[in-house]
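A short worksheet on the structure shown next.
Counting begins at 1 with the first residue of the sequence.
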Amino acid sequence: MMKNTAGIHHITAIVGDPQENVDFYAGILGLRMVKQTVNFDDPGTYHFYFGNEGGKPGTIITFFPWPGAYPGKIGGGQVGVTSYAIPVGAMGFWKDRLNKFKVPFTELERFGEHYLEFDDPHGLHVELVERESGETNHWSFGGITPEVAIKGFGGATLLSTQPAETAKLLEKVMGLEFVAQEGDIARYRSTAEIGNIIDLKLSAVERGEMGVGTVHHIAWRAADDQDQLEWQDLVHSRGYGVTPVQDRNYFNAIYFREHGEILFEIATDPPGFAHDESFETMGSDLKLPAQYEPHRDKIEKVLLPFKIRELD
C-alpha cells in the first residue's frame with residue numbers, strides 16, 4: 001500500500017508562562033487562539049491551539065504551558081524549526097513588527113527563499129518565509145491585516161538521530177516527494193498548499209532533551225477516520241509501533257516514534273474546533289472534555305489566568 005499525507009496537521013510544543021505564550025503568538029504574530037482546553041493526559045496543564053481564522057489543518061500550533069518548568073534542549077528527535085508562510089510582499093511589515101516588539105531576528109537564504117529566523121520567549125526557533133501558496137488568513141488582530149497575516153505553516157525542519165531512516169520514512173511511508181538537497185539539508189514536499197515543506201538535516205544530531213522551548217511532536221494529516229485506520233495499518237506493517245486511536249475531541253490521533261526518534265502523530269482533519277463553540281467565539285472560553293467537566297472548579301483553580309490582548 002502507498003499513501004500520501006497532505007502535510008502537517010499541527011505542531012505541539014512545550015512552553016513556559018501561559019501569558020507570555022499568548023502574548024507572543026496572538027499579540028505579536030497575530031494568530032487566532034482557536035481553542036483553550038487542557039492536556040487530556042494532564043488536566044492541570046493548559047493546551048492552547050493557535051491558527052488561522054478557522055483553525056484549519058496546516059495552520060495549527062499547539063502548546064502545553066509549564067510555568068516554572070525546566071528548559072529543554074533542542075536536538076535530535078525533534079522539530080528544530082517551525083516555519084510560517086506569509087504573503088508575498090509582507091516581509092518588510094514583519095521586519096518592522098519584530099523590531100517594534102524588540103524580537104531579534106536573523107535573515108538567511110535556503111533553497112532560493114529568504115527567511116526571517118527568531119526565537120519565541122521560551123526558546124522555540126521560528127521562521128517566516130514568503131510563499132504564493134496557501135489561502136489568505138482573514139483574521140485581523142493587533143494591527144495585522146489579512147494582506148500580511150501569517151497564512152499557516154510553511155513547514156518544519158526536522159532534526160534526527162538517524163537521518164537516513166527519517167528520510168526513508170518521509171518518502172516511503174508518509175509519501176512526501178524529495179525536492180532537492182542544499183548542503184546538509186534535504187527538502188521534501190507534500191501535496192497540500194500549506195504545511196507542505198519539510199526540511200531534514202542530513203547529519204545526525206545529538207538527542208535533544210524534552211522541556212520548555214522544545215517541540216513535543218509533529219502531526220500529519222489524515223482525511224478522516226477511515227484514512228487514519230489505513231495509516232495505522234500501513235505504519236504498523238512497516239515495523240513501527242503505533243498506538244490505538246485516541247479521541248482528542250477536535251480530531252482523532254495515532255502516534256508512533258520513527259527511527260530517528262521524532263514523535264509523529266497522524267490526526268484527522270475533522271471534526272475541527274467549532275463543534276463545541278461557535279466559529280465566532282472559538283478560543284474565548286476554557287473547554288473541557290466530558291470526563292473533566294465535573295472537576296471544572298478544581299481545574300480552574302490550578303490553571304494560571306491569562307488574557308488575549310493587543311500589545312502596544
Side-chain angles (χ1 to χ4, degrees), residues 7-67 69 72 78-84 120-126 137 139 150-156 194-195 210-222 246-255 262-277 282-289 292 303-304 306 308:
I8 300 172
H9 183 281
H10 66 268
I11 291 173
T12 294
I14 299 167
V15 292
D17 180 79
Q19 187 65 63
E20 292 176 351
N21 177 247
V22 171
D23 280 347
F24 190 80
Y25 287 90
I28 296 178
L29 296 189
L31 299 176
R32 182 181 186 184
M33 177 179 274
V34 295
K35 194 65 58 179
Q36 51 170 302
T37 183
V38 294
N39 182 339
F40 287 12
D41 302 316
D42 175 18
T45 298
Y46 280 121
H47 195 175
F48 294 155
Y49 293 75
F50 297 88
N52 71 351
E53 78 275 15
K56 291 185 177 181
T59 76
I60 309 157
I61 191 161
T62 96
F63 298 101
F64 300 132
W66 290 352
Q78 298 175 6
V79 172
V81 186
T82 299
S83 299
Y84 279 113
D120 81 357
H122 303 125
L124 288 166
H125 299 331
V126 183
N137 177 8
W139 183 249
I150 289 171
K151 295 190 281 187
F153 290 127
I194 202 75
M210 197 59 62
V212 171
T214 62
V215 170
H216 185 269
H217 64 267
I218 181 170
W220 308 89
R221 293 174 63 181
Q246 311 288 313
D247 181 357
R248 299 308 191 193
N249 205 8
Y250 310 108
F251 48 85
N252 286 332
I254 58 175
Y255 302 86
I262 304 168
L263 182 59
F264 278 13
E265 174 183 343
I266 301 177
T268 55
D269 281 1
F273 296 99
H275 73 87
D276 61 353
E277 53 187 336
M282 282 194 309
S284 58
D285 294 314
L286 178 67
K287 308 303 289 187
L288 299 178
Y292 294 135
L303 298 171
L304 292 178
F306 70 92
I308 303 168

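Within a 6.0 Å sphere centred on CH2 of Trp66, other residues, nucleotides and ligands contribute 12 heavy atoms or fewer. Counting non-hydrogen atoms of neighbouring residues, nucleotides and ligands closer than 6.0 angstrom, the NZ atom of Lys287 exceeds 12 such neighbours.
For the atom pair Ser284 OG and Met33 CE, the distance stands at 10.5 Å (nearest 0.5 Å). Going from atom CG of Leu124 over to atom CD1 of Ile11 covers 10.0 Å, rounded to the nearest 0.5 Å. Going from atom CD1 of Ile194 over to atom CD1 of Ile8 covers 9.5 Å, rounded to the nearest 0.5 Å. Taken from CZ in Phe24 to CG in Asp120, the straight-line distance is 5.5 Å, to the nearest 0.5 Å. One finds the CZ atom of Phe40 at 7.0 Å from the CZ atom of Arg248 (value rounded to the nearest 0.5 Å). Separating the CG atom in Asn137 from the CD atom in Glu53 is a distance of 5.0 Å, to the nearest 0.5 Å.
In this structure, His122 has no ring-ring contact (aromatic ring centres under 6.0 Å, His included) partners at least two apart in sequence or on a different chain. In terms of the side-chain hydrogen bond (donor to acceptor under 3.5 Å, both in side chains) criterion, Thr268 has no residue partners (sequence neighbours excluded). Remark: Tyr84 pairs with Phe153 by the ring-ring contact (aromatic ring centres under 6.0 Å, His included) rule, at least two apart or across chains. For Phe63, the ring-ring contact (aromatic ring centres under 6.0 Å, His included) test picks out Tyr25, Phe50, with sequence neighbours left out. Among residues two or more places apart in sequence or in another chain, the side-chain hydrogen bond (donor to acceptor under 3.5 Å, both in side chains) test is passed with Asp42 by Thr45.
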Q. Is there a side chain to side chain contact (heavy atoms under 4.5 Å, CB included) between Val215 and Leu263 once you walk through the steps?
A. CA-CA 10 Å; Val215 170; Leu263 182 59; over 6 Å; no

Q. Please walk me through it: do Gln78 and His217 pass side chain to side chain donor-acceptor pair (under 3.5 Å)?
A. CA-CA 7 Å; Gln78 298 175 6; His217 64 267; over 6 Å; no

(Q) Working note: Phe48 + Ile61, criterion side chain to side chain contact (heavy atoms under 4.5 Å, CB included); need CA distance, chi angles, decisive distance, verdict. (A) CA-CA 8 Å; Phe48 294 155; Ile61 191 161; over 6 Å; no

Q: Step by step, work out the side chain to side chain contact (heavy atoms under 4.5 Å, CB included) result for Ile28 and Asp23.
A: CA-CA 6 Å; Ile28 296 178; Asp23 280 347; over 6 Å; no

(Q) Quick one, Val126 with Val81, criterion side chain to side chain contact (heavy atoms under 4.5 Å, CB included). Give me CA distance, side-chain angles, the key distance, then yes/no. (A) CA-CA 6 Å; Val126 183; Val81 186; over 6 Å; no

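Counting only heavy atoms from C-beta outward, the side chains of Val38 and Pro289 approach each other to under 4.5 Å. A 4.5 Å side-chain heavy-atom check between Asp17 and Pro65 finds every atom pair outside the cut-off. Residues Phe264 and Tyr255 are not in side-chain contact: their nearest non-hydrogen atoms beyond the backbone lie 4.5 Å or more apart. A 4.5 Å side-chain heavy-atom check between Gln36 and Tyr49 finds every atom pair outside the cut-off.
The minimum heavy-atom distance linking His275 with Asn249 is given by the pair NE2-O, 2.8 Å. Taking each heavy atom of Val212 and Gly16 in turn, the nearest pair found is CG1-N, 3.7 Å. Nearest heavy-atom pair across Met282 and Val34 is CB-O, 3.5 Å. Annotation for Thr214 and Met210: closest pair OG1-SD, 3.3 Å, computed over non-hydrogen atoms. Considering all non-hydrogen atoms of both residues, Pro121 and Glu20 come closest at CG-O, 4.2 Å. Ile262 and Ile218 make their closest contact through CG2-CG2, 4.2 Å (heavy atoms, listed as atom of the first residue, atom of the second, distance).
One N or O on the side chain of Thr59 and one on the backbone of Asn52 form a donor-acceptor pair closer than 3.5 Å. Distance alone, capped at 3.5 Å, places no donor-acceptor pair between the Gln246 side chain and the Ala253 backbone.
Listed by first and then second residue, the salt bridge (charged side-chain N to carboxylate O under 4.0 Å, His left out) pairs involving residues 24-40 are Lys35-Asp276, Lys35-Glu277 (not counting sequence neighbours).
Remark: aromatic rings of Phe64 and His47 are close, center separation under 6.0 Å.
Between Phe273 and Phe251, the ring planes lie perpendicular to each other; the angle is over 60°, past the 30° to 60° tilted range.
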